Asker: 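My questions will all concern the structure given below.
As the structure is a prediction and not an experimental result, all values here were calculated from the model.
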Amino acid sequence: MAETQSRGLVFAGKKRGTGTDDFDGDDIFVAKKSMLPTMASESDPAAALANARHEFGEHGGVNMSIEASATFTVMEPETMRRMFAGELGPDRDFFIYSRHFNPTVLNLGRLMAALEGTEAAYCTASGMSAISSVLLQLCSSGGHVVASRTLYGGTHALLTHFFPRACNITTTFVDIGDLEAVKSAIIEGKTKVLYFESMSNPTLTVANIPALSRIGHEKGTTVVVDNTFAPMVLSPARLGADVVLHSISKFISGGADVIAGAVCGPASLVNSMMDLHQGALMLLGPTMNAKVAFELSERIPHLGLRMKEHCRRAMEYAIKMKKLGLKVIYPGLEDHPQHELLKSMANKEYGYGGLLCVDMETEERANRLMHHLQNYTQFGFMAVSLGYYETLMSCSGSSTSSEMNAEEKELAGISPGLVRMSIGYIGTLEQKWSQLEKALSRMQDGTLLNKN
């Protein structure tokens, strides 16, 4: 009996059997000292994940149970009133409805908070829903955002077109590497968010997270960083950022089979986003399915191993491709403009990221290269997204950045022939490099698509 109670207290957090419904005022995301779900002081994200609370299954299984219920029952009628009044909540194992809180999704949130070193996290149905919900929570009508001019195309479209039309929220886009331009763009009292990607999509520009965070805080803005390209490699919250966003669909999932997102940040922000009256996540409803949350929770423990191999191979390919005379963009190369900056910020032993770019200068040459790589040597697949075990390739200007017009792409540094490669780890490195070399040989031979 004592062992069961210990398991319930330390791991499962079951409190409904204690015989009391008294609410002790604890925030629903802030852990009591005896059951910390996150060790934000850990400098290595793998160590922080290992220290995160482990949720056992209902019958003692090493894996947690899936709480697939959409709605939850109570023992007394008065309890439901207290739940809707905010007196009883998930911190005491009281749940209303899975659009609000779900135990399995909450557990995934604990893992994401541990990964990013934040006080709290909650997971959503997509990366874009995480981005849009955070910005809507932080900005009201008439609000202002300062953002990097180089962003994922969907985020750029959200800020450029949708928010001004639907929400009266405007954005000033800046070169995120120009710290003085960032300072000048922030309007004190009006600018609510400074938004950028830790590694920009697709140009792999590395943001100076500590310096940008200081600027944002001096100006009274919330610093929001999309870390989708660099989980494990960079920890923006540990470098000063307030909020860290992820498209979990990418490296964290690793299987190209799940669409999901995450918001990692202060408990006060995450709680406000789940508020019954004003919460962007609660009211807009981008709810993660509990079965998806379970699957993702099983993949996060080996994220560090996967990221190390993604990064190791990306580095090897970048070095070899550069020696062949290709125009390679990879932050691990010493000639990358932010190479030293990334070294100073990166978590040790995780490398420099799993993506590299090859600038083929024209879209036609980019398409030829990808055609050979996929259809003749089986090096990888022409597909958007990233973080898969196979290499995925796309010509960014005509795909994931197609929402931007020609001038915006030029300002963002996106060449018409920029091929973004998410480097996979299937097969041996020697085998895959041989496939890449054969494709490049066909390019040099002048083989044209219409002759094949």
Asker: Is there any ring-ring contact (aromatic ring centres under 6.0 Å, His included) pair reaching into residues 276-310, and which pairs are they, with sequence neighbours excluded?
Answerer: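 Residue pairs passing ring-ring contact (aromatic ring centres under 6.0 Å, His included), neighbours aside: Phe251-His310, His310-Tyr425.
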Asker: List in chain and number order the residues that pass ring-ring contact (aromatic ring centres under 6.0 Å, His included) with Tyr317, two or more places apart in sequence or in another chain; answer none if no residue qualifies.
Answerer: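 Residues passing ring-ring contact (aromatic ring centres under 6.0 Å, His included) with Tyr317: Phe379.
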Asker: Using modelled atom types only, decide if a donor and an acceptor are shared between the side chain of Arg99 and the backbone of Ala70 within a distance under 3.5 Å.
Answerer: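 Side chain of Arg99 to backbone of Ala70, a donor-acceptor pair under 3.5 Å: no, none is there.
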Asker: Can you list the residues that meet the ring-ring contact (aromatic ring centres under 6.0 Å, His included) rule with Tyr352, with sequence neighbours excluded?
Answerer: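 Residues passing ring-ring contact (aromatic ring centres under 6.0 Å, His included) with Tyr352: His339.
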Asker: Do side-chain atoms of Glu67 reach the backbone of Ser69 as a donor and acceptor pair under 3.5 angstrom?
Answerer: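 Yes.
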Asker: Taking only residues two or more places apart in sequence or in another chain, which ones pass side chain to side chain donor-acceptor pair (under 3.5 Å) with Ser213?
Answerer: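 Not a single residue meets the side chain to side chain donor-acceptor pair (under 3.5 Å) criterion with Ser213.
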Asker: Find out whether Tyr195 and Thr221 are in side-chain contact, i.e. whether some heavy atom of one side chain is under 4.5 Å from a heavy atom of the other.
Answerer: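 Answer no - side chains too far apart.
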Asker: Keeping to residues at least two apart or across chains, list the salt bridge (Lys or Arg N to Asp or Glu O under 4.0 Å) pairs with something in residues 335-350.
Answerer: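 As it turns out, the salt bridge (Lys or Arg N to Asp or Glu O under 4.0 Å) pairs with a partner in residues 335-350, which skip direct neighbours, are Lys308-Glu349, Lys322-Asp335.
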Asker: Between Leu342 and Met199, is the side-chain contact (heavy atoms from CB on, under 4.5 Å) condition met? List the steps.
Answerer: CA-CA 10 Å; Leu342 179 56; Met199 286 188 190; 3.7 Å; yes
Asker: Between Arg81 and Glu78 (salt bridge meaning N to carboxylate O under 4.0 Å), is one present in this structure?
Answerer: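 Yes, this pair counts.
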Asker: Not counting sequence neighbours, which residues clear ring-ring contact (aromatic ring centres under 6.0 Å, His included) with His246? List them please.
Answerer: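 So His246 forms no ring-ring contact (aromatic ring centres under 6.0 Å, His included) with any residue.
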Asker: Donor-acceptor pairs are to be reported for all side-chain atoms of residues 225-235 against protein atoms at under 3.5 Å, with residues two or more places apart or in another chain.
Answerer:
unit_1, atom_1, unit_2, atom_2, d
Asp226, OD1, Thr228, N, 2.9
Asp226, OD1, Thr228, OG1, 2.6
Asn227, OD1, Ser198, OG, 2.7
Asn227, ND2, Glu116, OE2, 3.0
Asn227, ND2, Ala230, O, 3.4
Asn227, ND2, Leu234, O, 3.0
Thr228, OG1, Ser247, N, 2.9
Ser235, OG, Arg238, NH1, 3.0
Ser235, OG, Asn347, ND2, 2.9

Asker: Under the side chain to side chain donor-acceptor pair (under 3.5 Å) rule, collect the residues that match up with Thr287, sequence neighbours excluded.
Answerer: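 Residues passing side chain to side chain donor-acceptor pair (under 3.5 Å) with Thr287: none at all.
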Asker: Donor-acceptor pair, distance only, cut-off 3.5 Å: does the side chain of His100 make one with the backbone of Met274?
Answerer: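 Answer holds: yes.
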Asker: Could you list all the salt bridge (Lys or Arg N to Asp or Glu O under 4.0 Å) pairs where at least one residue sits in residues 263-288, not counting sequence neighbours?
Answerer: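 Matches after skipping sequence neighbours: none remain.
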Asker: Could you tell me if the side chain of Leu269 sits less than 4.5 Å from the side chain of Asp242, heavy atoms only?
Answerer: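 Sidechains of Leu269 and Asp242: no contact.
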Asker: Kindly write out the residues that satisfy side chain to side chain donor-acceptor pair (under 3.5 Å) with Arg312, not counting sequence neighbours, or none if the list is empty.
Answerer: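 Per chain and number, Arg312 pairs via side chain to side chain donor-acceptor pair (under 3.5 Å) with Glu309.
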Asker: Measuring centre to centre across the rings, with the benzene-like ring taken for any Trp, is Phe101 within less than 6.0 Å of Tyr122?
Answerer: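 Judged by ring-centre distance (under 6.0 Å), Phe101 and Tyr122 do meet the cut-off.
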Asker: Are Ser272 and Gln278 close enough, and set up right, to give a side-chain contact (heavy atoms from CB on, under 4.5 Å), and what steps lead you there?
Answerer: CA-CA 7 Å; Ser272 72; Gln278 298 284 346; over 6 Å; no
Asker: Tell me whether Ser126 contacts the main-chain N or O of Ile259 through its side chain, where contact means a donor paired with an acceptor under 3.5 Å.
Answerer: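 Checking the backbone N and O of Ile259 against the side chain of Ser126, no donor-acceptor pair under 3.5 Å is found.
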Asker: Just to verify, what does Glu430 make a side-chain contact (heavy atoms from CB on, under 4.5 Å) with, not counting sequence neighbours?
Answerer: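 Glu430 satisfies side-chain contact (heavy atoms from CB on, under 4.5 Å) with Thr428 only.
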Asker: Does Lys432 have any side chain to side chain donor-acceptor pair (under 3.5 Å) partners at least two apart in sequence or in another chain, and if so, which?
Answerer: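 Scan of Lys432 (side chain to side chain donor-acceptor pair (under 3.5 Å), adjacent residues dropped) gives Gln435.
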